[in-house]
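Heads up, the thing below is written out as structure tokens.
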Amino acid sequence: MAMMAVALGATDYIDRQIIVSTFPHLKKEWGLSDTALGALVSTVSITMAVCALPIAWLADRWGRVRSIAAMGGVWSLAALWSAVSGNYAQLFAARSLLGVGEAGYGPAGAALLSAYFPQRLRATALSVFQAAAPLGSVLGVVFGGVMIGRFGWRMTLGAFGVPGLLLALLFLKVRDYRVPATPDTGTPASAGRSPAAEARPALGTTLRELYQARTAMWCYLGGALNLVVLSTLYTWLPTYLNRAYGLSSAASGAKAALVILAGVVGAVVLGHLADRLGGTSPRRKLVVPAVMAAATWTLLTAAFGALQPGSAQFALVVAAGFPLAAALGTAPAVVVDVVHPQVRATAVGMVVVVQNLLGLAVGPVLTGLISDTFGLRTALAVMPLFCAMAAVAFWRGSRTYENDLAAVRRYQRFDDALQQGARGIPDGQSPQADV
């Protein structure tokens, strides 16, 4: 199930990133400005931020598996629509629809995986799940570059629509989980909280659950600040390599892909490390991304602030790519840990909203503004300060994590029972998934 979720998510990010390779062809055929081309990318993040929370709330009510299949179908159809668009307005609408599909998939997928894996393994599972984003981004750039010259921009944009539809249909065979309406003890979920009275919580109850865990607030903030730097590096590094190193576009893209791949490995390895260390002391689960954010800040500041373009500088940038992605899975995993199982998809939806509006949408634009005034190298040396702020946020979250985790510990019995049910324990001994 986890690998199917990653494969489906990868098709989303391939569809999201592959359009970059078509920019020269779209510019020539339709006479588009660079601003119009850039809007085809920005609209995905904006639509995600606007739609993530309401769609995630619906996923908690409708069911995670059906929501995932539906969202995969939406973005796959959007990719096919992109391929047959007759003008810019149609292509822009198709790209916006792609963002709608992505907005619902991440929260529902994270909530589903969180139920299939116990709390001690959640950061690892969600790190693997979140790694689909940088992995799909790399594949989108690579496949786009190869396909555009052979098949044209229309075939390139629609190439992964059909595989995405097939994976979405296959996902309907995955078993969903059922959450209890209230704890079996009949007592409140946690001190000072208002537990939902039904298995489908009202919106007001959902929002109260989301905002009463201080740890979740710090994770929202830390994850967004960290993504400011990640989006900056992934967006502007190819341009910097072209300008400062004199590399061709193809060579710059290939070298930048190494940094993204380092992030894929870092997300999985460091997410697993957070789980391992959190097993002996829960607060260490957030200490790991705090330390890694500080390391990223140090490495990138040294690379762009102290070193001239060359092999030593690039080596530091690649090294920074590894810890840069440490929070991709760990931050949402901790958010899931400290909220009621009924609102997990909505909680991850809040992560998507905050990270897109305050993270992914900020980095590329702010870097460009600084670059216009002081130069790109200076901008890349200054932007890692956001990682220093992310480190502080994660550190603060680690100080409240154990208390928030204890407040919802009663619900971990459900997760453990679900794992036993997956191993064949009879229905009368453990709760079974609601298909």
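A donor-acceptor pair is defined here as one N or O able to donate and one able to accept, closer than 3.5 Å; such a pair exists between the side chain of T400 and the backbone of G397. Between the side chain of T215 and the backbone N or O of Y401, at least one donor-acceptor pair lies under 3.5 Å.
Considering only heavy atoms from C-beta on, R95 comes within 4.5 Å of L98 through its side chain. Counting heavy atoms from C-beta on, the side chains of V228 and M383 come closer than 4.5 Å. In this structure the side chain of F304 never reaches within 4.5 angstrom of the side chain of T378, judged on heavy atoms. For the pair L157/L91, a side-chain contact is recorded, criterion being any heavy-atom separation below 4.5 Å from C-beta on. The side-chain heavy atoms of V288 and L277, taken from C-beta on, include a pair separated by under 4.5 Å. F386 has its side chain out of reach of N226: every pair of non-hydrogen atoms, C-beta onward, lies at least 4.5 Å apart. A heavy-atom distance below 4.5 Å is not found between the side chains of W395 and W218. Taking 4.5 Å as the limit, some side-chain heavy atom of L286 sits within range of a side-chain heavy atom of C219.
With sequence neighbours left out, R16 forms a salt bridge (Lys or Arg N to Asp or Glu O under 4.0 Å) with E102. Taking the side chain to side chain contact (heavy atoms under 4.5 Å, CB included) definition, one finds that L258 meets it with F314, sequence neighbours left out. Residues satisfying the side chain to side chain contact (heavy atoms under 4.5 Å, CB included) criterion with L385, sequence neighbours excluded, are W297, V382.
Residue pairs meeting the salt bridge (charged side-chain N to carboxylate O under 4.0 Å, His left out) criterion with at least one partner in residues 375-403, sequence neighbours excluded, are absent.
Of all heavy-atom pairs spanning A267 and L328, the tightest one is CB-CD1, 4.2 Å. Closest approach of A319 and P323 over heavy atoms only: O-CD, 2.9 Å. In terms of heavy-atom proximity, T296 sits nearest to A320 at OG1-O, 3.9 Å. For the residue pair A93 and W81, the shortest heavy atom distance occurs at CB-CH2, 3.6 Å. L270 approaches A326 most closely through the heavy-atom pair CD1-CB, 3.5 Å. The minimum heavy-atom distance linking F394 with G222 is given by the pair CZ-C, 3.4 Å.
A salt bridge does not link R214 to D404: none of the charged nitrogens lies less than 4.0 Å from a carboxylate oxygen.
Taking CD1 from I14 and CG from L139, the interatomic distance works out to 4.5 Å, rounded to the nearest 0.5 Å. The CG atom of D15 sits 8.0 Å away from the OG atom of S82 when rounded to the nearest 0.5 Å.
Taking a 6.0 Å sphere around CZ of R283, one finds it holds more than 12 heavy atoms contributed by other residues, nucleotides or ligands.
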When the side chains of residues 69-80 are checked against the rest of the protein, which donor-acceptor pairs come out under 3.5 Å, sequence neighbours left out?
residue, atom, partner, partner atom, Å
W75, NE1, T11, OG1, 3.4
S76, OG, G72, O, 2.8
S76, OG, L165, N, 3.3

All N/O donor-acceptor pairs, side-chain side in residues 347-371, below 3.5 Å, sequence neighbours left out:
residue, atom, partner, partner atom, Å
N356, ND2, V352, O, 2.8
T367, OG1, T232, OG1, 3.0
T367, OG1, G363, O, 2.7
S371, OG, L376, N, 3.2

#### Entry: Test side-chain contact (heavy atoms from CB on, under 4.5 Å) applied to M389 and L221, step by step
CA-CA 9 Å; M389 292 185 280; L221 179 61; over 6 Å; no
### Message
C387 vs L324, test: side-chain contact (heavy atoms from CB on, under 4.5 Å). Steps then yes/no.
### Response
CA-CA 8 Å; C387 267; L324 176 59; 4.1 Å; yes
### Message
Is there a side-chain contact (heavy atoms from CB on, under 4.5 Å) between L300 and L380? Walk through the geometry before answering.
### Response
CA-CA 8 Å; L300 289 178; L380 292 175; over 6 Å; no
